Each structure stands twice: as C-alpha cells, then as structure tokens.
Protein chains: 2
Amino acid sequence: MATPCSQCPLRRHPIFKPMSEQDVKAMQKFKVGELIIEAGTPLLIEGSNSPQLFTALRGMGLRYKTTLDGGRQIVNFIFPGDFIGLQAGVMGEMAHSVEASSKMTLCVFNRSEFWNFYKTHPERGFDITWLAAVEEHFLGEALTAVGRRSALEALSWALLRIFLRGEQMGLVHNRSMELPFRQQDLADAMGLSLVHTNKTLSKLRERQLANWSDGQLTINDLAKLAVIAKVELESIPQRPLM
Amino acid sequence: MATPCSQCPLRRHPIFKPMSEQDVKAMQKFKVGELIIEAGTPLLIEGSNSPQLFTALRGMGLRYKTTLDGGRQIVNFIFPGDFIGLQAGVMGEMAHSVEASSKMTLCVFNRSEFWNFYKTHPERGFDITWLAAVEEHFLGEALTAVGRRSALEALSWALLRIFLRGEQMGLVHNRSMELPFRQQDLADAMGLSLVHTNKTLSKLRERQLANWSDGQLTINDLAKLAVIAKVELESIPQRPLM
DNA sequence: CGATGATTTGACGAGCCTCAAGGTACGTGG
DNA sequence: CCACGTACCTTGAGGCTCGTCAAATCATCG
C-alpha cells in the first residue's frame with residue numbers, strides 16, 4: 001500500500017533538488033511506513049520527543065507555538081514535501097507543535113535510526129542541514145514580515161508565499177488553489193487579531209488583488225501583490241527532499 | 001598567534017555540548033586561521049557566497065536582513081561561540097548580513113572544505129544540523145515575541161534573552177554585562193520604532209527591572225522580568241560548538 | 001432545530017508611529 | 001581652545017493603525 005520512494009510523486013516537482021539513485025535507495029531503507037491522519041489531528045507536541053519523524057506526502061498542516069498566556073503563534077505552514085520533526089531528531093525535543101489542517105498522508109521514519117542514517121549517508125545528512133537552513137531562511141523572512149510590515153503588506157506577503165509554494169507543487173489551477181486554513185490561522189501567523197485580519201482580507205478582495213474565500217485562494221495580479229508585499233518575485237530556492 | 005582548538009576558551013562554558021578529543025582534532029584541521037575585525041565592520045552580505053565560514057571567538061555582532069524599502073530587521077544577536085555562514089555553506093548564499101558591533105575575533109574555516117569535512121566527520125555534520133535546529137528554535141521564539149507581545153513585553157523578552165546568554169558565557173559580573181548595541185538595533189530586532197523603544201526602555205528603568213545605559217545592561221530582578229516577558233526561566237538548552 | 005464554529009461588520013479606544021526638536025558626548029579642523 | 005559636525009539618546013505632540021468588545025450572519029451537524 002505504501003508508495004515506494006522510487007515512485008514518490010513529490011520528486012517530479014522542480015522545487016526539489018534532484019536525488020541520486022543511491023539517495024532514493026537510502027530513503028527507502030529509512031522509511032518505515034505511511035501514516036494517514038484526518039484534519040485537526042495533532043501530530044507532534046511542543047516539548048515532546050517523538051519516536052518518529054515524517055515527510056508530508058499529501059495535505060497541509062500547521063507548525064505553531066503556544067505562549068504562556070494561551071496565545072498561539074503559527075510558525076509556518078506545512079506543504080507536501082516538508083520534513084517534520086527535525087528538532088526532535090537532533091535536539092531531542094520539538095520547539096513547536098504540528099497539526100494537520102487537511103487530511104494528510106505522511107512518510108514515517110524511525111528516530112532511533114536517525115543518527116545511524118546520518119553516519120552511513122553523510123550526503124543525506126548534508127541535505128538535512130540544508131533543509132534546516134531553508135527553514136531558517138524562511139523564518140528570517142517571516143520575522144521581517146511580522147516586524148516591519150503593515151497588516152495589508154504582511155497578509156499580502158503571506159498569501160503570496162503560500163501561493164508561490166502551491167504553484168511549485170502543482171496545486172494551482174486557473175490562478176486558484178485550495179487552502180484548508182482558517183482566517184484565525186493566518187492571523188496567528190502574522191501576529192494580527194482575527195477581526196483586523198478579516199477586514200484586511202476584504203480590502204485585498206475589493207482591490208481585486210487576492211480573494212480567499214470558501215477554502216479557495218485566487219490571485220489575479222501576482223506582480224501588484226508582490227509590490228504591496230515588498231518582495232521580489234524571484235522563485236523560491238531549490239531544496240532537498242527527504 | 002591563533003589559539004589552538006585544544007586551548008579554545010569557549011569550550012569550558014557549560015552551554016556547549018562536550019567535545020571528544022577527535023572532535024577537537026577535526027576542528028583543528030578544519031580551522032585555517034583567525035580574523036580580527038573592528039566594530040562596525042561588515043562580515044557577510046545578504047545574497048553573497050562567502051568563501052569562508054566563521055565561529056565567533058570574542059566580541060558581539062548582528063545578523064540582519066534589509067527590506068526593499070530600506071528597512072532593517074535584526075534576525076539575531078551574535079555571541080561568542082556562534083557559528084556564522086551556515087547558509088552559505090549549504091545553500092550557497094546567505095539569507096542575511098552579518099556585522100560586528102564590537103571588536104571581534106573569529107575562527108576562520110574554508111567553505112571549499114565544508115562538504116569534505118562533513119563527509120569525513122559525520123558526527124560533526126550532525127552537530128551542524130543541531131546548530132541549525134537551535135537557530136530555528138530561537139527564530140520561532142523571536143517570531144512569537146514580535147508577533148504576540150506588547151513593546152514592554154517584547155523588550156523584556158529580548159533583554160532577558162541577551163542577559164541569560166551573556167550569563168552562560170561568563171560575561172555577567174555583579175548583575176551587569178557590556179552591550180555594544182544601539183537602541184536602534186534593539187528596535188530593529190523587535191519591529192518597534194526607535195522612539196517607542198527608547199520610551200519603553202525608560203519605563204523598564206523606572207520600574208527597576210532592567211537598566212540599559214552607557215553600554216551596560218543591568219538586570220535586578222530576573223524573575224519579575226521573566227513574568228513580564230512571559231517566559232519560563234528555564235536554562236537555554238545545550239548546543240554544539242563548532 | 002438548537003449547538004457549534006467560522007466569517008463578517010460596527011464602534012471605540014489604546015498602543016505605537018511619525019514628526020520635530022533638543023541634549024550630550026566625542027572627534028576634527030581652524 | 002573653540003567652532004562645528006556627527007552619532008546617539010531623550011522628550012513632547014498629534015494622529016493613524018490595529019486591538020478589543022459586541023453582536024449578527026451563515027453553514028454544518030447531531
């Protein structure tokens with residue numbers, strides 16, 4: 001039932017660094033199975049030490065941290081191809097929680113094999129570091145967006161980011177893609193209140209820039225949105241796939 | 001003139017994961033020299049592909065990104081022991097710039113040897129991933145601080161963070177430590193204006209919580225400050241030293 | 001058909017930004 | 001030795017963005 005790595009549907013997307021035959025074989029040995037979870041299911045808990053690591057095969061999810069006063073900060077949105085649990089793999093415990101926003105299929109790896117895998121496949125280990133660096137890159141951008149941009153700019157940035165990643169994963173059809181998130185999620189990602197997020201989203205709708213409603217995100221004018229978001233429309237850099 | 005890794009003054013600090021004799025030897029072979037730069041000197045530029053990687057030995061610095069409209073987001077403060085240039089090492093180009101805030105001494109490594117080093121010393125490669133995960137951890141917290149906290153809370157968080165790290169590096173004497181940064185730096189770190197940062201810092205001073213003036217940061221009541229910052233006063237997790 | 005969760009809209013006030021000006025320390029050159 | 005420039009810190013006034021509170025609408029579901 002589980003997809004063999006040689007048939008992995010993710011690998012054909014150009015966002016991922018090509019894998020050698022040996023890489024694929026190594027992953028196949030590392031992979032212990034597949035997991036399917038429903039929308040809303042928690043996958044990893046902040047502070048926990050999961051015995052398993054994952055790669056998202058299908059579906060979307062959220063990484064988030066909870067604050068002492070009950071708040072929630074979305075750290076990132078999870079797309080197919082994202083590696084989940086790296087922090088538990090190296091540091092021994094997660095710094096954020098992970099939860100599914102749609103039905104998800106995940107490749108499962110054993111944490112106990114992680115170091116062994118690293119030692120016998122240093123080139124894959126290098127790729128894991130690369131992935132961590134990509135995440136660091138993204139978080140730096142997110143910090144800039146939250147810290148230095150107005151609500152309109154920040155939300156433009158977020159929608160643009162999501163859309164471009166979706167485009168690269170082949171999830172965009174006719175300028176639209178499915179988004180299983182709630183407005184509250186986006187608000188918690190950009191450090192805005194739900195109310196203000198809602199009003200700002202309608203502003204983007206009025207201006208014919210981006211329309212997110214009924215679980216569908218449609219973007220008409222990428223260029224204009226990029227100007228507001230204050231980003232160059234460069235393609236997202238290639239990354240390894242685990 | 002250059003310090004041999006076996007004599008490295010950083011290793012005695014308990015914040016760093018102990019290194020095996022072999023680790024030390026590996027680093028010694030990887031290290032190609034030392035670099036001393038004056039305060040204000042740029043070390044790495046965003047988008048560049050530095051031929052060299054560094055570890056901060058002495059002194060402090062800043063990591064920052066610049067936005068299209070001329071703004072600046074401080075991504076992190078650099079302390080002795082921090083590894084610099086990882087993104088260039090794996091991704092080929094830096095996502096942020098690095099600059100010295102005080103006179104700094106740096107260990108220098110050759111980027112061209114990076115992959116080779118990784119392959120022949122997978123346990124050190126693992127530690128590099130660990131470092132990247134630590135950075136990811138920190139950026140997640142920073143995002144939470146900027147996104148979900150008021151100016152008073154955010155600045156308390158930042159000063160606390162800096163102070164705790166300084167404490168672990170033995171830089172704190174009699175509840176005080178040197179801070180070579182400007183108020184503008186802290187403002188750019190937390191996404192606040194200089195003016196409001198200034199006023200909020202005086203509020204912390206009035207309330208006898210933290211006093212940062214004349215390049216000295218003094219914290220009297222860590223516990224109270226932690227309450228305002230909304231963090232647990234747990235020690236910072238151990239990390240590898242490169 | 002009541003209950004729950006998500007989205008939407010309005011009113012109001014506070015936190016933070018911007019603009020503006022002044023103060024202090026320090027270095028440089030006449 | 002003093003005038004001047006520069007860099008950083010400080011303080012005040014006014015206004016806009018955004019958060020909070022409150023309530024209505026709508027869809028889904030048992």
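As the structure is a computational prediction, the values presented were derived from the model and not from experiment. Quick note on labels: first sequence line is chain A, next is B, and so on, each numbered from 1. Both backbone and side-chain heavy atoms feed into the values below; hydrogens, waters and symmetry mates do not.
F77(A) approaches L186(A) most closely through the heavy-atom pair CZ-CD1, 3.9 Å. In terms of heavy atoms, D185(B) sits closest to R72(B) at OD1-NH2, 2.7 Å.
Distance from the side chain of Q183(B) is smallest to dT10(D) among dT7(C), dC18(D), dT10(D). Among the nucleotides dG12(D), dG10(C), dC9(D), the one closest to the side chain of K199(B) is dG12(D). Counting only heavy atoms from C-beta on, S193(B) has its side chain closest to dC17(C) among dC9(D), dT9(C), dC17(C).
For the OP1/OP2 pair of dC9(D) and a distance below 4.0 Å, the side-chain nitrogens and oxygens of N198(B) include no atom meeting the criterion. A sub-4.0 Å separation between OP1 or OP2 of dG5(C) and a side-chain N or O of Q184(A) is absent. Checking the phosphate oxygens (OP1, OP2) of dT8(C), a side-chain nitrogen or oxygen of R205(A) falls inside 4.0 Å.
At least one donor-acceptor pair under 3.5 Å links the side chain of R149(B) to the backbone N or O of A229(B). In this structure, the side chain of K31(B) engages the main chain of T3(B) through a donor-acceptor pair within 3.5 Å.
Toward the 5' end of DNA chain D, the nearer of the two residues F181(B) and H196(A), judged by each one's closest nucleotide, is F181(B). The residue among G191(A) and R182(B) whose nearest nucleotide of DNA chain D lies closer to the 5′ end is R182(B).
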Extract from the structure each pairing of a protein N or O with an N or O of nucleotides 21-27 of chain C at less than 3.5 Å, listing the distance.
none

Decide side chain to side chain donor-acceptor pair (under 3.5 Å) for T200(A) and N198(A); before the verdict, give the C-alpha distance in whole Å, the side-chain angles of both, and the deciding distance to 0.1 Å. CA-CA 5 Å; T200(A) 307; N198(A) 179 289; over 6 Å; no
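No more than 12 heavy atoms of other residues, nucleotides or ligands shown are found within 6.0 angstrom of CG on D214(B).
Each end of the helix from dC1(C)-dG30(D) to dG30(C)-dC1(D) gets its own rotation axis from five pairs of C1' atoms, and the angle between them is 30° to the nearest 10 degrees.
Using modelled atom types and a 3.5 Å distance limit, the side chains of N211(A) and S213(A) yield a donor-acceptor pair.
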I'd like to compare against my own output: the B/S/- annotation of nucleotides 22-30 of chain D with a strict under-4.0 Å heavy-atom distance to protein. ---------
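Under 4.0 Å is where a charged nitrogen must lie from a carboxylate oxygen, and between R148(B) and D188(A) at least one such pair does. We find that D82(A) and R165(A) are joined by a salt bridge, their nearest charged nitrogen and carboxylate oxygen being less than 4.0 Å apart. Here E141(A) pairs with R161(A) in a salt bridge; the nearest charged N to carboxylate O distance falls below 4.0 Å.
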